Amino acid sequence: MMKYIWLILIVFGIGCSPSPEEEVLKPKLVIGFVVDQMRYDLLHRFETEFGEGGFKRLQREGLLFSNCRYDYAQTLTGPGHASIAAGAPPSVHGIAANGWFDVQKMEEIYAVYDPEAVVVGFEGRDSVNGVSPVNLKTETIGDVFKSSYGPESKVLGVSLKDRASILSAGRSADAAFWIRSSGYWATSDFYLEELPSWVQDWNEGGALRKYENEVWDRAMESYPSTTDKEVGYERVFIGQGHPGFPKNYADLVQKNGYPVLAVSPFGNTEIIDFGMETIRQYSLGKDEIPDYLGLSISCTDKIGHAYGPYSEEIADTYIRLDKEIERFLNFLDQEIGKDDYTFFLTADHGIANIPGRIDSVNNGGGKVPIKKYFDTLNMILEKQFGDSNIAAYYHDEQIWMDMWKIYEKGLDMEQISLTVLDYLESKPEIRKVIITDGLNADGELDALVLNGIYKGRSGQYFVLYEPGFVESWQTGVDHGSPYDYDRHIPLIFYGSGIHNGVSKENVAPTQITPSIARLLGIEPQNGFKGEFLPDLNYSE
């Protein structure tokens, strides 16, 4: 009888180890490639302009998740990068916005601000603007690599923005690098006491500054028919005189400083170049112990804010970025080996349509004069409750109340809330004001807001605008809502252990990190809340 049982087990593969051909390959290097401010629709809008080796290669040979959306409302750079790396929403990892208000100190706290840290830069040490990952409340995927594989596993973060680099890398990383307003690369003494000699040499070679005499002109004669040409509601830099092409950076840098280079595709080229050099210098992917690199492409965000998602500038930027991705993938093939790295591409958030464009095509939406509303709200509160500035601060759709004043004066918080809601919800641009302790939360949008709230950092109220409305900028546009144009972003897995295809399952970026851990067979210690992504080849 026993021999028949074993025969059945063999025939049906029960209890047998997989053959070598069936074993899932584990990468030597994982690259988290985050495009700052990339809406999902851009993958398809510029499809005919893309070459075969960039976005198309990733989709052709990788696994595309076509329904990936953030599971919270506060769609911003800090929360986005933290949520990808931590595998959890802001309500868990604590990076509830790019900054929050400290009522005791009466000042805004930057998401990665650390008074104990010192910025280590080419121009010296800066103890005033210290930054680090200390505000993260959970571990990141990089921390899991370190705890699972030990110090031999190398973890790095690279971006133009400090918060993107730091939050991608985590607490245990070997280093996080970013570009300061001077145009040079820097890090924090949280990671390193001084810049590595190769980074100093890189800075001596010019870093971002080497592009200051470039001219940004169209890469193609024409763009998709949905693309706007030079229009009046786009940003115009000092010395430019008009929006549109060409943009002469020799003049613009002289009048606006080196940060203006971040509003160009040359900044993305610099990030890719520096990222490749980081791989070389740290010998990433060169042994059997997996390494992790978080690489964030920041200039897409700067350009999108200035010109909007339908601008020629955005079309040109993504066509150029497509070529940069092709160059980077070819580099990885040669440097690491095509079967030895796993690469995922996603975004930290999307972007709304630029208000001026919405007006021109009569699609609804527009600008919210929130500063005027906030000031008027405080006057109403003072008249009703007898004290000034009860509403202490407004930022990123949130209102922070002076809770110390309310407590000391014995003011009725319930009545204050009724006043806030009555006034702000009377405005046509405001859909709802959500009390962030959940007292008046009801429905999917409210649940998304609450998933982004971290007690002690978030404001007492979240102001939910109507679709298409953004805060009142003179020109340009913003993000930060729970609507699809801000939440729906691309997610593509590519490389070692990844089969090609399209998954139409509803997923969230918070599922990326748990899935990487499972692909590698390592176990996170805390914080991860996302479920595993479907359709990946997990080894059991």
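Quantities reported herein were computed from a predicted structural model and do not represent experimental measurements.
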In terms of side-chain heavy atoms, does Ser132 have a donor or acceptor partner in Ser188 at a distance below 3.5 Å? no
Value for CD1 (Ile435) from CE (Met413), rounded to nearest 0.5 Å, stands at 7.5 Å
Ring centroids only, cut at 6.0 angstrom: are Trp216 and Phe245 within range, meaning strictly under it? yes
Only pairs at least two apart or in different chains count here, so list each ring pair (Phe, Tyr, Trp, His ring centres under 6.0 Å) that has a residue in residues 66-87. Tyr70-Tyr72
Is a salt bridge present between Glu313 and Lys247, judged by a nitrogen-to-oxygen distance below 4.0 Å? yes
Are there over 12 heavy-atom neighbours, none belonging to Lys161, within less than 6.0 Å of that residue's NZ? yes
Expected output: side-chain Asp36 to main-chain Thr300 donor-acceptor under 3.5 Å: no
Side chains of Met403 and Gln460: closer than 4.5 Å at any heavy-atom pair? yes
Does Leu533 offer a backbone N or O that forms a donor-acceptor pair with the side chain of Ser515 under 3.5 Å? yes
Please identify each residue that fulfils ring pair (Phe, Tyr, Trp, His ring centres under 6.0 Å) with His44, with sequence neighbours left out. Tyr40
In the structure I gave you, are the side-chain heavy atoms of Val477 and Tyr307 within less than 4.5 Å of one another anywhere? no
side-chain contact (heavy atoms from CB on, under 4.5 Å) partner of Tyr292, chosen from Ile31, Asp143, Leu156, Val30: Val30
Ring-face cation contact, Tyr223 with Arg218, 6.0 Å cut, 45° max: no
Indicate yes or no: does Arg487 engage Asp71 in a salt bridge with an N to O separation below 4.0 Å. no
Contact between Ile303 and Val263 at the side-chain level, heavy atoms closer than 4.5 Å - yes or no? yes
Rounded to the nearest 0.5 Å, what's the gap from CG on Leu421 to CD1 on Ile416? Could you check? 12.5 Å
Option from Tyr110, Tyr394, Tyr393 for which ring pair (Phe, Tyr, Trp, His ring centres under 6.0 Å) with Phe101 holds: Tyr393
Taking the side chain as C-beta and beyond, is there a heavy-atom pair between Glu429 and Glu466 under 4.5 Å? no
Check Pro309 against Asn353 and note the closest heavy-atom contact, atom names and distance. CG-OD1, 3.8 Å
So do Ile434 and Tyr461 actually touch side chain to side chain, heavy atoms under 4.5 Å? no
Between Lys56 and Asp322, is there a side-chain N and carboxylate O pair less than 4.0 Å apart? no
Evaluate the side-chain proximity of Val470 to Val368: yes if any heavy-atom separation is below 4.5 Å, no if none is. no
Does the ring of Tyr373 carry Lys427 above it, NZ/CZ under 6.0 angstrom from centre and within 45° of its axis? yes
Between Phe343 and Phe33, is the ring centroid distance below 6.0 Å? yes
Within the 4.5 Å heavy-atom criterion, are Arg39 and Ile489 side-chain neighbours or not? no
